[in-house]
Number of protein chains: 2
Amino acid sequence: MSGSTGTTARGPYRTGIRRREQIVATAITVFGEYGFAGGSIRTIADRVGVSHATLLQHFGSKEGLLTAVLQEWDRRTVEASLTDVAGLDYFRRLPEVMTAHLNNRGLLELFTTIAAEASSPAHPAHAFIQRRYTDNLATLATHLQQAVDAGEVAPLTPAEIEIEVRLVTAVLDGIGLQWLLDSSTDVTASVETYINRTIAAWSSGHR
Amino acid sequence: MSGSTGTTARGPYRTGIRRREQIVATAITVFGEYGFAGGSIRTIADRVGVSHATLLQHFGSKEGLLTAVLQEWDRRTVEASLTDVAGLDYFRRLPEVMTAHLNNRGLLELFTTIAAEASSPAHPAHAFIQRRYTDNLATLATHLQQAVDAGEVAPLTPAEIEIEVRLVTAVLDGIGLQWLLDSSTDVTASVETYINRTIAAWSSGHR
DNA sequence: GTCTATAGACTGATAGAC
DNA sequence: GTCTATCAGTCTATAGAC
């Protein structure tokens, strides 16, 4: 990626792009801490060490900054996702993926805060969060269906598959929130317990 | 309750108390929609049909109103909780309890939004939410331990019990959030699937 | 008990100098 | 590209009339 475009090399845009990344990174932590409504562009600008006007110059508006933040979150999430595994292996590796998430508290805090805030239809991130959940559930459903097709687990109806992937998502979200509220929460063990028991249930056909 | 104190009967405080209840009820929906940071006392006052000064007269400050809202939420939650069942039956009835919660979207929205917002230690509701989770987990742990003692399920270590009650809590929170984002989510079926499978695992000793 | 008026701080956003 | 200065609007909270 660092070849043809030249955006990461020396050039007229270099400092501007650095600044942009710096602002987005800071905005992630501030929106994570105070939510979108509670986090002001002045607070973000102060932490970066620039004026709030500079920030608006880069992103046009506060909502423009939110869009950039959500895109960056999306980018980093996709980057950390599992692309080399399919079927049941995808679920088997969820505990380690979740554990890796804990290294970046800000990102988890951002998603937890924004997802809850955006449950209201009027929130600027409402559509984004809805789509994100739909996509995530669909990905999980595809992998579970693959496991069924491969004979790794007993057959499941589409309705049952939806319940299963919603439960997996709920566990990841809920345990994440509990870890934010109490860092002594054993995230890895909890998710492992859930996944192991669930795969056992899928395999035996005792649903 | 409506006898000796006279607070619900005719008297000098009657209208004041009615107003207070009305304000708290409206504040629950507004804080649920916009969060504590995003929901202003002016928005609440407008919906009630009074000036914002009246509201501050009653609760002293915005944080005072939040305290009243959290107390009311606590009160209603305790009221709807299961006090007549113990041990495994407590878990067996969680699906119906959760389903009943869906009749009051505002209350669920409030808790989801505030819990996420309050994950930041600086939030005025941080201590309240932390205590609430600790208490809730302890209650669940007591019921599970009772089930163990009664021989309803195979033995569990304290660490295993903590994981189990955290998973139950995570499922309830996570499925609630998904329902807020997409009301077609089958909350009852999801929670029933989880509880049935979990009780089966506890009973068989295959953990 | 509720109102209007107002203080004082903070909000997002814009204009224009450098 | 970043700044200062400033705008209009909103915020929480208080004072004082009725």
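The model shown is predicted, which means the values in this text are computed figures rather than measured ones. Below, read A as the first sequence line, B as the second, and so on, with proteins coming before strands; counting in each chain starts at 1.
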How many Å lie between [atom1] on [X] and [atom2] on [N], as a whole number?
X: I23(A); N: dG1(D); atom1: CD1; atom2: C1'; value: 10 Å
X: L55(B); N: dT4(C); atom1: CG; atom2: C1'; value: 16 Å
X: I44(A); N: dC10(C); atom1: CD1; atom2: P; value: 17 Å
X: Y34(B); N: dT11(C); atom1: OH; atom2: C1'; value: 17 Å
X: L66(B); N: dC11(D); atom1: CG; atom2: P; value: 17 Å
X: K62(B); N: dT10(D); atom1: NZ; atom2: C1'; value: 12 Å
X: L56(A); N: dT14(C); atom1: CG; atom2: P; value: 8 Å

Self-check item: F59(B) and its side chain to side chain contact (heavy atoms under 4.5 Å, CB included) partner, picked from T67(B), V69(B), L66(B), I23(B)
Solution: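 When side chain to side chain contact (heavy atoms under 4.5 Å, CB included) is applied between F59(B) and each of T67(B), V69(B), L66(B), I23(B), only I23(B) qualifies.
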Quiz item: Got a sec, which residues hit salt bridge (charged side-chain N to carboxylate O under 4.0 Å, His left out) with D135(A), two or more places apart in sequence or on another chain?
Solution: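 Scan of D135(A) (salt bridge (charged side-chain N to carboxylate O under 4.0 Å, His left out), adjacent residues dropped) gives none.
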Practice problem: Over 60° means perpendicular and under 30° means parallel, so classify the ring planes of F91(B) and H143(B), tilted if in between. | Solution: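 H143(B) vs F91(B) ring planes: perpendicular.
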Dump every N/O contact between nucleotides 2-6 of chain D and the protein below 3.5 Å, one line per pair.
from	atom 1	to	atom 2	distance (Å)
dT2(D)	OP1	R19(A)	NE	2.8
dT2(D)	OP2	H58(A)	NE2	2.7
dC3(D)	OP2	S51(A)	N	2.7
dC3(D)	OP2	S51(A)	OG	3.2
dC3(D)	OP2	T54(A)	OG1	2.5

Quiz item: Is any side-chain N of the basic residue among R20(B) and E72(B) closer than 4.0 Å to the acidic one's carboxylate O?
Solution: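 No.
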Quiz item: Should the pair R76(B)-E79(B) be classified as a salt bridge under the 4.0 Å nitrogen-to-oxygen rule?
Solution: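 Salt bridge absent between R76(B) and E79(B).
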Quiz item: Have T54(A) and S51(A) got a donor and an acceptor in their side chains that come within less than 3.5 Å?
Solution: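 The answer is yes; a qualifying pair exists.
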Quiz item: Does a donor on one side chain and an acceptor on the other come within less than 3.5 Å for D149(A) and Q145(A)?
Solution: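 Side chains of D149(A) and Q145(A): pair found under 3.5 Å.
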Quiz item: Can you list, by residue number, the residues of residues 117-125 of chain A that have a non-hydrogen atom closer than 4.0 angstrom to DNA chain C?
Solution: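 Those residues whose heavy atoms fall under 4.0 Å from DNA chain C, taken from residues 117-125 of chain A, amount to none.
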Quiz item: Is the cationic atom of R105(B) (NZ for Lys, CZ for Arg) positioned less than 6.0 Å from the six-membered ring centroid of W179(B) and within 45 degrees of its normal?
Solution: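 Geometry flag: set, cation within 6.0 Å and 45°.
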